[in-house]
Amino acid sequence: MSKEITARSEDYSQWYNDLVLKGGLADYSAVKGCMVIKPYGFGLWEGMRDVLDKKFKDTGHQNAYFPLFIPKSFLSKEAAHIEGFAKECAVVTHYRLKNDPNGGGVIVDPEAKLEEELIVRPTSETIIWNTYKSWIQSHRDLPLLINQWANVVRWEMRTRLFLRTAEFLWQEGHTAHATAQEAVAETRQMLDVYADFAENWMAMPVIKGVKTPNERFAGAVDTYCIEALMQDGKALQAGTSHFLGQNFAKAFDVQFTNKENKLEYVWATSWGVSTRLIGALVMAHSDDDGLILPPRIAPLQVVIVPIYKNEEQKARIDEKVNALVAELKQAGIRVKYDDADHARPGWKFAEYELKGVPVRIALGARDLENNVAEVARRDNKTKESLSLDGLTGAIQLLLEDIQQNMYNKAKTYRDEHITPVDTWEEFVATLDGKAGFVAAHWDGTPETEEAIKEKTKATIRCIPLNNPQSPGQCILTGKPSKERVLFARAY
RNA sequence: CGGGAUGUAGCGUAGUCCGGUCAUCGCGCCUGGUUUGGGACCAGGAGGUCGCAAGUUCGAAUCUUGCCAUCCCGACCA
C-alpha cells in the first residue's frame with residue numbers, strides 16, 4: 001500500500017483528512033484557514049452545483065452576482081445580524097501597496113487608507129437588501145427570486161477541510177415577497193429542494209426541522225435546516241433556509257406599494273448550501289479503503305481497466321473497450337478508460353477504490369474469450385462477471401442500484417442512531433456511547449438548552465417538522481414538554 | 001484565541017537531547033529492459049535554501065528568539 005489511510009476506528013479525524021488529501025479532493029494552502037480544491041473535488045462541487053442550479057431555475061429563481069465587499073456601515077444596520085457575524089469578519093482597510101523605503105519589500109501604503117472600510121462578505125444579506133431597495137417599488141416587482149453562486153469569508157479560529165474553512169464556496173438565495181405566508185412557503189420549498197438533493201443525489205438521508213432560537217441564523221425569524229448524521233455519530237447541518245420576516249426590509253427600508261396603494265415592508269428569505277456538502281458526502285459514506293461516491297454525483301461513474309500480456313491482446317481489448325466507452329457515453333454515463341501502461345491493474349484497482357469511483361470494469365484476454373467483463377462495485381466491494389452483450393444496460397441498472405443501496409445503508413444507520421431517552425442518565429450514556437441523535441424532552445427554554453450544551457457538548461440540532469406531539473418531562477429540569485427534540489454533538 | 005504536538009526531496013521518515021564527511025532509508029519520479037487477473041521486478045539516474053527569518057558560533061537540520069503553516073483538544077461557528 002503506497003497510500004495508507006488511517007482506519008476510522010483508530011482516528012476518525014485523521015481518516016477524514018486522509019480521504020480528502022489522498023483521494024485528491026483538496027490540499028492545504030499557503031494561507032491559514034484556506035484550502036485548495038483540486039480538480040476531483042471541484043468536479044464533485046460542479047456536479048452538486050449543476051443539479052442544484054437546475055432545481056433553483058425550475059422553481060423560478062434567477063442567478064445574479066453581488067459584490068464581494070460590503071461597506072462596513074451596511075453590516076451594522078440589522079442588529080442581530082452584526083451581532084452574529086462581527087467576530088469573524090475580514091476587513092479591507094487599504095487599497096494600495098508600495099515599496100518599503102527601508103528596503104523590506106512591499107508594504108501597505110499608509111496614505112491609501114479607505115475612508116470607509118470594506119468587509120469581505122460573510123454572507124450577502126446586507127448588500128443585497130441595500131440593492132433590493134432600488135429594485136422593489138410595487139407588488140408587481142414581487143416576488144423577487146434571486147440566487148448567487150459565490151465565495152464568502154468567515155474568519156474561523158479552527159478550520160477543517162471542507163467542513164469549516166475561512167473561505168468557502170456556496171450559493172445563497174435571497175428572495176423578497178409580498179406576504180409572510182408566501183415567504184414562509186418559499187423557505188419551506190427550498191428546504192424541500194435541499195432535502196431532495198441530499199437524499200436523492202447524495203444518497204444522504206436528512207432530517208428536516210426548525211432550529212431553536214439559540215441556533216437560529218443571525219437576523220432570521222425562523223431557521224429551517226436539514227441535519228445529516230456522520231459515521232462517527234456526530235450530526236452535521238447540511239443546509240439552511242431562513243424565514244427573515246421583515247427584519248432586513250426594515251433595516252434597509254425596502255417597502256412596496258400593495259394593491260390597495262398602501263406601503264408595506266416586504267418579506268424575505270435566504271437559503272444556502274456550501275462546499276461543506278463535500279465533507280458531508282465523504283463522512284456519510286466512505287470506508288477505510290477510501291471514498292465511496294454516490295453514482296449520481298460522482299465525477300467519474302465507471303472506470304475501465306485493461307488486463308493484457310502483450311500488445312496483441314491490448315489491441316483486441318482496446319477495440320472492445322472503445323466501442324463500450326462510446327456506448328456508455330451515449331447512455332450519459334461518465335466513464336474513463338485507464339489504459340496507462342505505467343501502472344499495473346492492481347495499483348489501478350486500489351487507486352480508483354480510494355477515489356470512490358462507483359463501478360470498475362476489468363477486461364482481460366480471458367474475459368474476451370468468454371465475452372464477459374469483470375464488474376466490481378465500490379459500495380459493497382462485490383465483483384461479478386457480466387456478459388459484454390447488453391453491458392451498458394446492466395451498468396445503468398447497477399449504478400441505480402448502488403445509488404439506492406448507499407442511501408438505504410446510510411438511512412438504516414441513521415435510523416438506528418435516533419435514540420429516544422427519558423432520563424438524564426440515559427441521555428448522557430447515549431451521547432457518550434452510541435452517539436447519534438438523541439430524541440429527548442426539553443422544557444423549551446434557551447437557558448436549559450445552554451445548560452445541556454455546557455454539560456454534554458450536545459446541542460439541539462432541530463425540532464423535526466411534523467414532529468409527533470407527545471407530552472413528557474424535560475430531561476434536565478423535569479418541567480413539562482410537549483414534544484421530543486433532537487439532540488446531538490455536531491460538526 | 002488558549003493548551004498540546006509537528007514541520008528534513010512529491011509522500012512517509014532517520015538524525016536534533018550531546019553543534020563538526022549527516023543530509024539516512026523506503027515509496028514515488030526519470031531512462032532502459034522484463035512484466036501486467038489486487039498496490040510488479042532488475043539495472044542505472046535525477047531530486048533537498050533540513051518551514052521562514054534573525055541571532056550565538058571558526059562551524060547550525062541540531063542551540064536561542066521571532067514568525068509562518070498543519071494536526072489534535074477547548075471557546076466560537078455553516
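Chain identifiers are assigned alphabetically (A, B, ...) following the order of the sequence lines, protein sequences preceding nucleic acid strands; residue numbering begins at 1 within each chain.
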Point to revise | Atom P, compared across rC52(B) and rA69(B): separation rounded to whole Å | key: 15 Å
Point to revise | Between C1' of rG39(B) and CD1 of Ile307(A), the distance in whole Å | key: 14 Å
Review point. When rounded to the nearest Å, what value does the distance between P atoms of rA60(B) and rA53(B) take?
Key: 14 Å
Practice item. Using a strict cut-off of less than 4.0 Å between a Lys/Arg side-chain nitrogen and an Asp/Glu carboxylate oxygen, indicate whether Glu384(A) and Arg377(A) qualify as a salt bridge. Key: no
Study note, to complete from the structure: Rounded to whole Å, the NZ-P distance (Lys348(A) to rG37(B)) equals 11 Å
Check your understanding: How is Gly279(A) classified with respect to the nucleic acid when contacts are heavy atoms under 4.0 Å: base, sugar-phosphate, or nothing?
Key -> nothing
**Study point:** Gap between atoms OH and C1', on Tyr28(A) and rC11(B) respectively (whole Å)
**Key:** 14 Å
Check your understanding: Given atom NZ of Lys355(A) and atom P of rG38(B), what is their separation to the nearest angstrom?
Key -> 22 Å
**Study point:** For Glu353(A), the option from Lys381(A), Lys383(A), Lys22(A) that meets salt bridge (Lys or Arg N to Asp or Glu O under 4.0 Å)
**Key:** Lys381(A)
Check your understanding: Any side-chain donor-acceptor pair under 3.5 Å between Thr175(A) and Thr269(A)?
Key -> yes
Exercise for review: Look only at the side chain of His285(A) and the backbone of Ile292(A), and say whether a donor-acceptor pair between them is shorter than 3.5 Å.
Suggested key: no
Practice item. Describe the nucleic acid contact of Ala365(A) in one word from base, sugar-phosphate, nothing, applying a heavy-atom distance below 4.0 Å. Key: base
Exercise for review: Indicate yes or no for a side-chain donor-acceptor contact from Asn130(A) to the backbone of Thr126(A) under 3.5 Å, with no hydrogens or angles considered.
Suggested key: no
Exercise for review: Between rA23(B) and rU8(B), how far apart are the C1' atoms? Round to whole Å, please.
Suggested key: 8 Å
Exercise for review: With pairs defined as Watson-Crick or G-U wobble and both distances under 3.5 angstrom, please note down RNA chain B as a dot-bracket string, | for pairing with another strand.
Suggested key: ((((((((.[[[..)....(....]]].((((((.....)))))).....[[[[[..)....]]]]])))))))....
Check your understanding: CZ of Arg344(A) versus P of rC41(B): gap in Å, rounded?
Key -> 8 Å
Study note, to complete from the structure: Leu161(A) CG to rU70(B) P, in whole Å, measures 9 Å
Point to revise | Sequence-aligned protein contact record of nucleotides 73-78 of chain B, with B where the base is within under 4.0 Å of a protein heavy atom and S where only the sugar-phosphate is | key: BBBBBB
Review point. Is the backbone of Asp338(A) close enough, under 3.5 Å, to the side chain of Lys348(A) for a donor and an acceptor to pair up by distance?
Key: yes
Practice item. Round to the nearest Å and state the distance from Lys22(A) atom NZ to rG28(B) atom C1'. Key: 13 Å
Exercise for review: In whole angstrom, give me the gap between the C1' atoms of rC71(B) and rG15(B).
Suggested key: 23 Å
Check your understanding: Taking 4.0 angstrom as the limit, do Asp339(A) and Lys314(A) come out as a salt bridge?
Key -> yes
Check your understanding: Among Glu172(A), Glu125(A), Met190(A), which residue meets the side chain to side chain contact (heavy atoms under 4.5 Å, CB included) test with Ser270(A)?
Key -> Glu125(A)
Revision key, fill the gap. For residues 77-93 of chain A, the side-chain hydrogen bond (donor to acceptor under 3.5 Å, both in side chains) pairs (sequence neighbours left out) are none
Review point. Whole Å only: how far is the CG atom of Leu354(A) from the C1' atom of rG28(B)?
Key: 15 Å
